[in-house]
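Structure first, then comments.
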Amino acid sequence: MSIMDPEGIWSLNMQRISAVPLRRGHIWAMLHGVLQAAQIILLNKASLLMNPWQTMFLRSFGLLFLVLFISWRASESYTIIDLTGNIMFAFLDATAMGMQIVALALMAPSRVSAIVSNLPLPTSILACFLLGESFDVLHGILASVNGVGLVLVCLSDQTDKSSLQGVIYSFGSLLGICLLLIICRGLAHRNSEDPNLLSFMAGIGGLLASIASLPFGPTWVFPSSADGILLSLSVAAIGVLIFFTLTRALQTENALVVTAFITIAIPITFCYDLLFINVTVSWSKVLGSCFIIATTVLLCIRSAIDVQ
C-alpha cells in the first residue's frame, strides 16, 4: 500500500478501529456524561424548592458514606503532595458546585450545561501544561469545533432575560471543574488516587461550605412532601454516582477523552428543556449540539486508533 494511497490508509484505520472494543474507561466516561445531565436537571429542580447552599448540603451529605470504603492502608503511603491534592479537590468541588447551583437558579439547564459541560478545550490545554499529556493538531481541531458548538448553543439563548450573573457563575464553575479533572488525573498518574477518598473529601468540602453559609443566607426549609423528599434523596444519590464514574474513567483515560464524553450532557439537557420546560428550539442550538456530539465521536475514533 502506497503511503500516498488515501483509500488504503482509510481502510487500514477502519480495520484498526473495528479491532478495538470500547474500552472500560470509555464506558465509565459515557455513563458519567449521562449522570452529569441528570445532576444538572435535579439541581435545577431543587433550586425551585430550596436555597443553593441547602442543595449543596444535600448533594454533599451522600458522599460521606463513602468513608466506609476508603483504603486506609494504601493512604499510609501518600505524600504531602497527595494529601494536598485531596484537600484542593474538596475546595474546588465545593466552589464549582456552589457556582453551578446558583447558575441553575438563574438560567435554564441547557444553557448552564452548555457552559459547564463543554470541557475538552480548557481541560486539554490545562492537562497539556500541568500533566504533560499530548495535544496534537487533530486534538486542537476537534477542541476548536467543540468550542464552536458551545458558542452556537449559547447564541440560541441570547434572547433570554437571564442574569449576566448566571453566565459568570457558570464559567466560574467550568474553571473549577477543569481543575478538578486535572487534580484527579494527576493523582491517578501517581497511583495515589482513591476514588472513595476523593469523593469523601468532596463531601466534606461541600458540607463545610454549606454550613458556613448559614449565618448569611435564608433559613433552610427542607421539603415535607413526598416529591420533595424523593428529590432530596435523588440529589444525594446522584452525587455519589457522579464521583464513582468520574474517578473510574480517569484511572484509565486521559482528561481530554473523559471531558469529550461529558459533553453528552449538553444535548441531553437540551432535549429536556425542549420536551419538559418548553424552551424555544433554534437552528443554532441544534447545530451546536451536533458539533459537540461529532467531536466526541471523532475523538473516540482517534483514541481507538492510537491504542493500536
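- The pair K45-D227 does not count as a salt bridge, with every side-chain nitrogen at least 4.0 angstrom from each carboxylate oxygen.
- The closest side-chain heavy-atom distance from L49 to Q54 is not below 4.5 Å.
- L246 has its side chain within reach of L181: a pair of non-hydrogen atoms, C-beta onward, lies under 4.5 Å apart.
- The hydrophobic clustering, which links ILVMFWY residues whose side-chain heavy atoms are closer than 4.5 Å, places I229 and L42 apart.
- Side-chain rings of H32 and F261 stay apart, their centers remaining 6.0 Å or farther from each other.
- Two rings, from F243 and F89, have their centers less than 6.0 Å apart.
- In plain terms, the two heavy atoms of A103 and G166 that are nearest each other are CB-O, 3.6 Å.
- Two different hydrophobic clusters hold L35 and L230 under the rule that ILVMFWY side chains link at heavy-atom gaps under 4.5 Å.
- The shortest side-chain heavy-atom distance between I177 and Q100 falls under the 4.5 Å cut-off.
- Listed here is the closest heavy atom pair of G85 and I183: O-CG2, 3.4 Å.
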Legend entry - Stepwise side chain to side chain contact (heavy atoms under 4.5 Å, CB included) test for Q39 and M97: CA-CA 11 Å; Q39 177 175 251; M97 286 309 305; 4.0 Å; yes

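- L104 approaches L43 most closely through the heavy-atom pair CD1-CB, 3.6 Å.
- With a 4.5 Å cut-off on side-chain heavy atoms, D93 and R59 count as touching.
- Residue S113 forms a side chain to side chain donor-acceptor pair (under 3.5 Å) with just one option from N44, D273, T269, T263, and that option is T269.
- Separation of atoms OG (S110) and CD1 (I268) is listed at 13.0 Å; rounding is to 0.5 Å.
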Inset, instruction - Assess whether side chain to side chain contact (heavy atoms under 4.5 Å, CB included) is satisfied between F291 and L287, documenting all intermediate values. - result: CA-CA 6 Å; F291 279 177; L287 183 60; 4.0 Å; yes

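- With a 4.5 Å cut-off on side-chain heavy atoms, L214 and W220 count as touching.
- Residues L233 and V240 do not share a hydrophobic cluster, defined by chaining ILVMFWY side chains whose heavy atoms lie under 4.5 Å apart.
- Nearest heavy atom pair, residue V235 against residue A46, reads CG2-CB, 4.4 Å.
- Residues F200 and F65 are not in side-chain contact: their nearest non-hydrogen atoms beyond the backbone lie 4.5 Å or more apart.
- In this structure, S173 contributes its side chain and Y169 its backbone to no donor-acceptor pair below 3.5 Å.
- A continuous path of hydrophobic side-chain contacts links I87 to L179 [ILVMFWY only; heavy atoms under 4.5 Å].
- Contact of the I204 side chain with the S60 side chain is not registered, since no non-hydrogen atoms from C-beta on lie closer than 4.5 Å.
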Inset, instruction - Begin with the C-alpha distance, continue with both residues' side-chain angles, and end with the deciding distance and a verdict on side chain to side chain contact (heavy atoms under 4.5 Å, CB included) for S232 and M50. - result: CA-CA 10 Å; S232 299; M50 57 193 80; 4.0 Å; yes

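- Atom OG1 in T95 sits 10.0 Å away from atom CG in L175 (nearest 0.5 Å).
- Between atom CG of residue L64 and atom CE of residue M201 there is a gap of 11.0 Å, rounded to the nearest 0.5 Å.
- Taking the side-chain hydrogen bond (donor to acceptor under 3.5 Å, both in side chains) definition, one finds that S210 meets it with nothing, sequence neighbours left out.
- To the nearest 0.5 angstrom, F270 atom CZ is 8.5 Å from L275 atom CG.
- In the hydrophobic clustering of this structure, V67 groups with L83; members are Ile, Leu, Val, Met, Phe, Trp, Tyr whose side-chain heavy atoms approach within less than 4.5 Å, directly or through other members.
- Residue M107 comes nearest to S170 through the heavy atom pair CE-OG, 3.3 Å, listed as atom of the first residue, atom of the second, then distance.
- The distance from atom CG of L119 to atom CD of Q36, rounded to the nearest 0.5 Å, is 7.5 Å.
- Residues P109 and Y272 form a side-chain contact, since some pair of their non-hydrogen atoms from C-beta on lies under 4.5 Å apart.
- For S199 against L63, the heavy-atom pair with the smallest separation is O-CB, 3.4 Å.
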